[in-house]
Amino acid sequence: MRSYTLIAPAKINLHLEIISDRPDGYHELVMILQSIDLADEIYLQASDTETIRIRCDHPEVPLDKSNLAYKAAELMAVEFPQAFAKYGGVNITINKRIPVAAGLAGGSTNAAAVLVGIDLLWNLGLTQSELEELGAQLGSDVPFCVAGGTAIATGRGEQLAPLPSLDNIYIVLGKYRSLAVSTAWAYKTYRQEFGDSYLRDTDSLSARAAAIHSGPIVKAILHKDAREIAQKLHNDLERVVLPAYPQVLQLRQTFASAGVLGTMMSGSGPSVFAICESLQQAEQVQLRVREILPDEDLELFVTRMTSHGIQVASSV
Ligand code: C5P
């Protein structure tokens, strides 16, 4: 049976701005998304039955149809019924390293890997933009996870404009294992509290979305200036998540006090990342934060920005 092992990187948000709500119930966003080299490993194997099966030893990852990786395989079976009939089902093994429900697109990147892997397994020859379109049917972050690197994302988050990649900028990432934030809750609460300030007319909406291209954080990215990028981090969802989760606020403050270049919550949280000057500084910050917050529930990772989306590690 043919098989593929894929590397599925997490993402962080260097910028997340909520500009409006949308008729489909989602929010109109302006984001800058960045892949990091903290990644899950996805093993895909063709099965001689017509079933889709998920294996994962992480207790919080569902093994049923609610798993986005399952939905990705199901979508491929529906979109390409002849290939499904010819090649059969697929066994998906997820080696989870990315914290779950953390604002790091862990589920989305697994789904992106399944799309890329099944395309290979079934010899479909899909283009990257076809894979991204399929991904958009599964979740707002899935198209970015297929492409990876650094990108401006607008609309629901699925419309991507790539930026030059940022490699070798080091990051410390923190997440309390027992804390999980529902993305739907974060956006709903934001709407309740700040919906009055949403832009309503289409001209203002397009102007706001266009402004990011010439804004200071994009300039900093074009100059690959880690210090400047770190100064310009922004996330509107901090306004609802930090007051509701004091531990997340405390973690963010602890990073700031450890002398990092800049710190911010990622996505809807509760993970918090800090941009550092070097690998050495990142390792020192990790030790320092561990000293100040000696809580075993707190996971800390040293990682770095990467230009990679989903990658094939091996095939048999
Ligand atoms: O697209 P995804 O399934 O990742 O989104 C999870 C939830 O986050 C959505 O159900 C929605 O409540 C909220 N969301 C939103 N606007 C977006 C993206 C997500 O309101 N652009």
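All figures in this text were calculated on a predicted structure; none of them were measured in a lab.
- Under 4.0 Å is where a charged nitrogen must lie from a carboxylate oxygen, and between Glu238 and Arg252 at least one such pair does.
- In terms of heavy-atom proximity, Pro9 sits nearest to His308 at CG-O, 3.6 Å.
- Neither side chain, Glu158 nor Ser140, offers a donor N or O lying under 3.5 Å from an acceptor on the other.
- Taken to the nearest 0.5 Å, the CD atom of Glu299 stands 9.0 Å off from the CZ atom of Arg290.
- Annotation for Val30 and Ala209: closest pair CG2-CA, 3.8 Å, computed over non-hydrogen atoms.
- Atom NE2 of His223 is surrounded by 12 or fewer heavy atoms from other residues, nucleotides or ligands within 6.0 Å.
- Although no hydrogens or angles enter the test, the distance criterion places no donor-acceptor pair under 3.5 Å between the side chain of Arg304 and the main chain of Asn168.
- Few gaps surround CZ on Arg191; more than 12 heavy atoms of other groups in view lie less than 6.0 Å from it.
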Pair Leu126-Leu134, side chain to side chain contact (heavy atoms under 4.5 Å, CB included): steps then yes or no: CA-CA 10 Å; Leu126 298 175; Leu134 288 165; 3.8 Å; yes

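- Side-chain contact between Phe194 and Val240: present, with at least one pair of heavy atoms (C-beta onward) separated by less than 4.5 Å.
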Working for side chain to side chain contact (heavy atoms under 4.5 Å, CB included), residues Glu28 and Leu199: CA-CA 10 Å; Glu28 200 67 32; Leu199 296 179; over 6 Å; no

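- Taking every heavy atom of both residues into account, Ile12 and Ile171 meet most closely at CD1-CD1, 3.4 Å.
- Of the charged side-chain nitrogens involved, none lies within less than 4.0 Å of a carboxylate oxygen, so that Arg177 and Asp297 do not count as a salt-bridged pair.
- A distance of 12.0 Å separates OG1 of Thr150 from CG of Leu160, quoted to the nearest 0.5 Å.
- For Asp57, the CG atom is loosely surrounded, since the number of other residues' heavy atoms within 6.0 Å does not exceed 12.
- Within the 4.5 Å cutoff, side-chain heavy atoms of Pro270 are placed close to those of Lys175.
- Under a hydrophobic-cluster definition in which Ile, Leu, Val, Met, Phe, Trp and Tyr are linked whenever side-chain heavy atoms come within less than 4.5 Å, directly or via other members, Leu16 and Val272 are assigned to the same cluster.
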Step-by-step side chain to side chain contact (heavy atoms under 4.5 Å, CB included) determination, Leu14 to Met305: CA-CA 11 Å; Leu14 302 178; Met305 298 186 190; 4.1 Å; yes

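- Placement of Ile275 and Val302 in two distinct hydrophobic clusters is found when ILVMFWY residues are connected by side-chain heavy-atom separations under 4.5 Å, directly or transitively.
- Annotation: Lys96, atom NZ; neighbour count of heavy atoms from other residues, nucleotides and ligands within 6.0 Å is above 12.
- Looking at Tyr176 and Asp295, their side chains never bring a donor and an acceptor atom within 3.5 Å of each other.
- Taken together through direct or relayed side-chain contacts under 4.5 Å among Ile, Leu, Val, Met, Phe, Trp and Tyr, Val241 and Met264 form parts of separate hydrophobic clusters.
- Inter-residue side-chain proximity for Lys224 and Pro164 is flagged as met; some heavy-atom pair is nearer than 4.5 Å.
- The nearest pair of heavy atoms linking Ile18 to Asp236 is N-OD2, 2.8 Å.
- At distances below 3.5 Å, not a single donor-acceptor pair connects side-chain atoms of Thr51 with backbone N or O atoms of Arg53.
- When atom types are taken as modelled, the side chain of Ser271 and the backbone of Gly103 share no donor-acceptor pair closer than 3.5 angstrom.
- Note on Asp141 versus Arg156: no salt bridge recorded, every NZ/NE/NH1/NH2 to OD/OE distance being 4.0 Å or above.
- The side-chain heavy atoms of Leu300 and Leu173, taken from C-beta on, include no pair separated by under 4.5 Å.
- Taking a 6.0 Å sphere around CD of Gln280, one finds it holds 12 or fewer heavy atoms contributed by other residues, nucleotides or ligands.
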Which atom pairs, donor and acceptor, lie under 3.5 Å between side-chain atoms of residues 254-261 and protein residues at least two apart or in another chain?
{"residue": "Thr254", "atom": "OG1", "partner": "Gln250", "partner atom": "O", "Å": "2.6"}
{"residue": "Ser257", "atom": "OG", "partner": "Thr254", "partner atom": "O", "Å": "2.8"}

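- Tyr198 has its side chain within reach of His27: a pair of non-hydrogen atoms, C-beta onward, lies under 4.5 Å apart.
- Hydrophobic clustering places Leu44 together with Ile52 (ILVMFWY residues linked when any side-chain heavy atoms are closer than 4.5 Å, directly or through intermediates).
- Summarising the local packing, CD of Gln82 is surrounded by 12 or fewer heavy atoms from other residues, nucleotides or ligands at distances under 6.0 Å.
- In terms of heavy-atom proximity, Tyr4 sits nearest to Gly117 at CD1-O, 4.3 Å.
- Note: Lys11 NZ to Ile32 CD1 = 13.0 Å, rounded to the nearest 0.5 Å.
- Residue Arg97 qualifies as enclosed at atom CZ: its count of foreign heavy atoms under 6.0 Å is above 12.
- For Asn95 (side chain) and Asp40 (main-chain N/O), no donor-acceptor pair under 3.5 Å exists by modelled atom type.
- Within the model, atoms OG of Ser35 and CG of Leu104 stand 11.5 Å from one another, a figure rounded to the nearest 0.5 Å.
- A 4.5 Å side-chain heavy-atom check between Phe84 and Trp122 finds at least one atom pair inside the cut-off.
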Verdict with reasoning, Met265 to Leu237, per side chain to side chain contact (heavy atoms under 4.5 Å, CB included): CA-CA 8 Å; Met265 186 180 81; Leu237 288 175; 4.0 Å; yes

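- Leu38 CG to Thr306 OG1: the interatomic distance, rounded to the nearest 0.5 Å, is 11.5 Å.
- Formation of a donor-acceptor pair under 3.5 Å by the Thr109 side chain with backbone atoms of Ala105 is not found in this model.
- Closest approach of Ile229 to Leu166, counting heavy atoms only: CD1-CD1, 3.8 Å.
- Summarising the geometry, atom CG belonging to Asp201 is positioned 7.0 Å from atom CG belonging to Leu205; distances are rounded to the nearest 0.5 Å.
- No side-chain N or O of Asn235 forms a donor-acceptor pair with one of Asn13 less than 3.5 Å apart.
- Side chains of Glu41 and Tyr43 form no contact here, defined as non-hydrogen atoms less than 4.5 Å apart.
- Met31 and Ile152 are assigned to two separate hydrophobic clusters, defined by single-linkage of ILVMFWY side chains at heavy-atom distances under 4.5 Å.
- Put simply, the side chain of Glu130 does not reach to within 4.5 Å of the side chain of Glu79, judged on heavy atoms.
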Donor-acceptor contacts, no H, no angles, side chain residues 66-75, under 3.5 Å, sequence neighbours left out:
{"residue": "Ser66", "atom": "OG", "partner": "Asp64", "partner atom": "OD1", "Å": "2.5"}
{"residue": "Asn67", "atom": "OD1", "partner": "Ala69", "partner atom": "N", "Å": "2.8"}
{"residue": "Asn67", "atom": "ND2", "partner": "Pro62", "partner atom": "O", "Å": "2.8"}

